[in-house]
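To start, the structure under review is shown below, and the notes come after it.
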There are 2 protein chains.
Amino acid sequence: MTKLEKGPTGQRRGRGARERILSASQQLFREQGINNTGMDQLCAVAQVSKRTAYQHFTSKDELVTEYLRRHDPDTMPEIFDSAELTPRERLLAAFEKPPSVPPAETTPLCPFIAAAVEINDTDHPARRRAHDYKASVAARFTETARQAGAVEPEQLGEQLALLLDGASVRTRALDTDALPTAAAIAAVLIDNALPAEAPG
Amino acid sequence: MTKLEKGPTGQRRGRGARERILSASQQLFREQGINNTGMDQLCAVAQVSKRTAYQHFTSKDELVTEYLRRHDPDTMPEIFDSAELTPRERLLAAFEKPPSVPPAETTPLCPFIAAAVEINDTDHPARRRAHDYKASVAARFTETARQAGAVEPEQLGEQLALLLDGASVRTRALDTDALPTAAAIAAVLIDNALPAEAPG
DNA sequence: GCCTATGTACACAAATCGTTCTACTTAAGG
DNA sequence: CCTTAAGTAGAACGATTTGTGTACATAGGC
């Protein structure tokens with residue numbers, strides 16, 4: 001996660017509108033979806049006048065694109081770049097729930113999945129970004145699988161990425177955390193793909 | 001699939017408006033999503049006047065709900081009710097692409113996932129229907145897994161359902177058929193969960 | 001052959017959408 | 001202190017949305 005620097009509740013208005021707009025985007029697009037969030041509401045939450053919003057972003061489409069671009073600029077770095085874990089442990093760590101927000105709530109739907117579903121035009125920059133991000137996650141998995149000595153790292157990478165996405169959408173549909181289910185599958189796949197008893 | 005009885009291209013207008021409306025819903029909601037499909041366009045495709053549409057369905061919400069209700073009233077019966085296949089074969093058959101539509105196109109996103117993402121209100125009947133359908137698929141898998149003699153049928157059922165959803169959303173995001181990836185995982189899970197060399 | 005269900009055409013209301021406008025205020029740097 | 005860039009408030013625009021109202025047409029069962 002990037003630093004959200006929420007500030008003392010009611011961020012003081014004034015300079016720094018762009019940041020406030022993007023913060024509000026993160027919150028609202030995540031909570032209620034892109035199409036269900038109007039610019040009026042977004043500006044109200046960001047405590048920014050509409051004029052200012054449109055000086056920073058020429059259109060809502062551009063704001064959406066920037067919102068996705070800013071979100072996770074690198075792909076899950078806190079997991080894949082962790083030097084303390086063995087490659088095998090890193091693969092498994094991707095399926096552990098981050099300690100953000102109270103454990104009672106269900107994790108919100110992956111913003112890239114949301115964008116891929118809500119936006120219809122395949123050529124929309126936001127959808128392209130979603131495509132790239134999803135490919136990037138698989139590539140990271142593949143890379144780590146290769147480091148771990150998996151027999152078919154590309155296949156394993158694609159499989160693990162699919163598990164994460166399945167867990168995300170199923171959590172949304174059933175309102176129940178599906179990540180443990182995905183984690184169990186991941187453990188099986190990793191065990192199957194890695195040479196037995198390799199240290200990592 | 002239910003009989004769509006498309007008729008000779010330009011369905012003759014007149015009686016039978018309700019069916020035409022639901023047919024158009026299937027087509028348009030699937031192709032462009034629920035929120036991106038207006039009632040005007042829908043009525044035009046259905047060759048039905050708007051007045052008639054609102055005589056059959058009091059609101060778009062109700063139409064969406066009915067569209068999801070009608071769609072697959074039973075859960076994938078052609079797979080789970082097939083008497084020619086062993087339980088194990090039935091589990092695997094769920095991951096084979098149905099021969100509908102040319103193989104070049106990617107399978108459209110599962111309508112229930114679409115509804116779960118596009119609609120924000122958890123209490124919306126359509127979202128409840130999506131919830132129930134997703135639970136139903138898992139239950140069908142579980143039931144079949146039990147027949148096949150799986151050691152932990154409930155876990156396997158939930159896992160296989162997650163794979164299907166992961167494949168659907170990933171196909172959407174990457175514009176590449178992800179079902180084979182899910183099928184490969186399913187094969188591994190099923191092999192792991194079923195007593196070795198059982199006839200089915 | 002008539003009666004009634006059903007459907008049509010199309011204008012219209014009301015809300016909401018993204019977007020732009022004008023005119024005013026404020027904060028920071030030199 | 002004064003200039004200038006940045007932000008504000010809120011009205012308004014045009015397009016689009018869901019949903020209605022009115023007056024008219026037609027197909028089928030009796």
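So you know, we letter chains A, B, ... as the sequences are listed, proteins then strands, and number each from 1. FYI, side chains are in, hydrogens and waters are out, and symmetry mates aren't considered; it's all heavy atoms of this structure. What you see is a predicted model; the values in this text were computed from it and never measured.
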Check your understanding: Is B:R69 salt-bridged to B:D132, cutoff N-O under 4.0 Å?
Key -> no
Study note, to complete from the structure: Taking C:dG18, D:dT18, D:dG7 as options, the one with an atom nearest any side-chain atom of B:M39 is D:dT18
**Study point:** A:E118 CD to C:dC17 C1', straight-line distance once rounded to whole Å
**Key:** 15 Å
Check your understanding: Once you round it to whole Å, what is the distance between P of D:dG7 and CZ of A:F57?
Key -> 11 Å
Exercise for review: For A:D40 and D:dA11, give me the distance from atom CG to atom C1', rounded to whole Å.
Suggested key: 12 Å
Point to revise | Of the listed nucleotides D:dT18, C:dG18, C:dT8, the one nearest the side chain of A:K60 | key: C:dG18
Point to revise | Earlier contact from the 5' end, DNA chain D, for B:I34 and A:Q55 | key: A:Q55
**Study point:** Donor-acceptor pair under 3.5 Å, B:K50 side chain vs D:dG19 base
**Key:** yes
Point to revise | Distance-only polar pair, side chains of B:E62 and B:S59, donor-acceptor under 3.5 Å | key: no
**Study point:** Distance-only donor-acceptor test (3.5 Å): side chain B:R51, base D:dG21
**Key:** yes
**Study point:** Nucleotide forming a Watson-Crick or wobble pair with D:dT26, both distances under 3.5 Å
**Key:** none
Review point. So, is B:T52 near the phosphate of C:dT6, with a side-chain N or O under 4.0 Å from OP1 or OP2?
Key: no
Exercise for review: Would you mind checking if B:D175 and A:R128 are paired as a salt bridge, meaning a charged N to carboxylate O distance below 4.0 Å?
Suggested key: no
Review point. In terms of base orientation, is C:dA5 syn or anti, with the syn window spanning 90° either side of 0?
Key: syn
Practice item. Could you please name the partner base of C:dA28, counting Watson-Crick and G-U wobble pairs only when both distances are under 3.5 Å? Key: D:dT3
Point to revise | Test: B:R70 and B:E19 ion pair at under 4.0 Å | key: yes
Check your understanding: How many Å lie between CD1 on A:I21 and P on C:dG18, as a whole number?
Key -> 14 Å
**Study point:** Any B:Y54 side-chain N or O less than 4.0 Å from OP1/OP2 of D:dG19
**Key:** yes
Point to revise | Nucleotide D:dT17, atom P - distance to CG of B:N35 in whole Å | key: 11 Å
Exercise for review: Report yes or no: does A:Q147 contribute a side-chain atom to a donor-acceptor pair with the main-chain N or O of A:P87 at less than 3.5 Å?
Suggested key: no
Exercise for review: Ignoring the backbone of B:S59, work out which of C:dG18, D:dT8, D:dG19 is nearest its side chain.
Suggested key: D:dG19
Study note, to complete from the structure: Checking C:dG18, C:dA9, D:dT20 against the side chain of B:S49 (C-beta onward), the nearest is C:dA9
Review point. Does B:H56 make a side-chain N or O approach to OP1 or OP2 of C:dG7 shorter than 4.0 Å?
Key: yes
Review point. So which nucleotide from D:dT18, C:dT19, C:dT8 ends up closest to the side chain of B:R20?
Key: C:dT8
Check your understanding: For the residue pair A:Y133 and A:F112, does the interplanar ring angle fall in the parallel (under 30°), tilted (30 to 60°) or perpendicular (over 60°) class?
Key -> parallel
Review point. Can you check the A:D61 CG to C:dC17 P distance for me, whole Å?
Key: 15 Å
Point to revise | Distance, rounded to the nearest Å, where B:N36 contributes CG and C:dC17 contributes C1' | key: 13 Å
Review point. A:E62 CD to C:dG18 P: how many Å, rounded?
Key: 15 Å
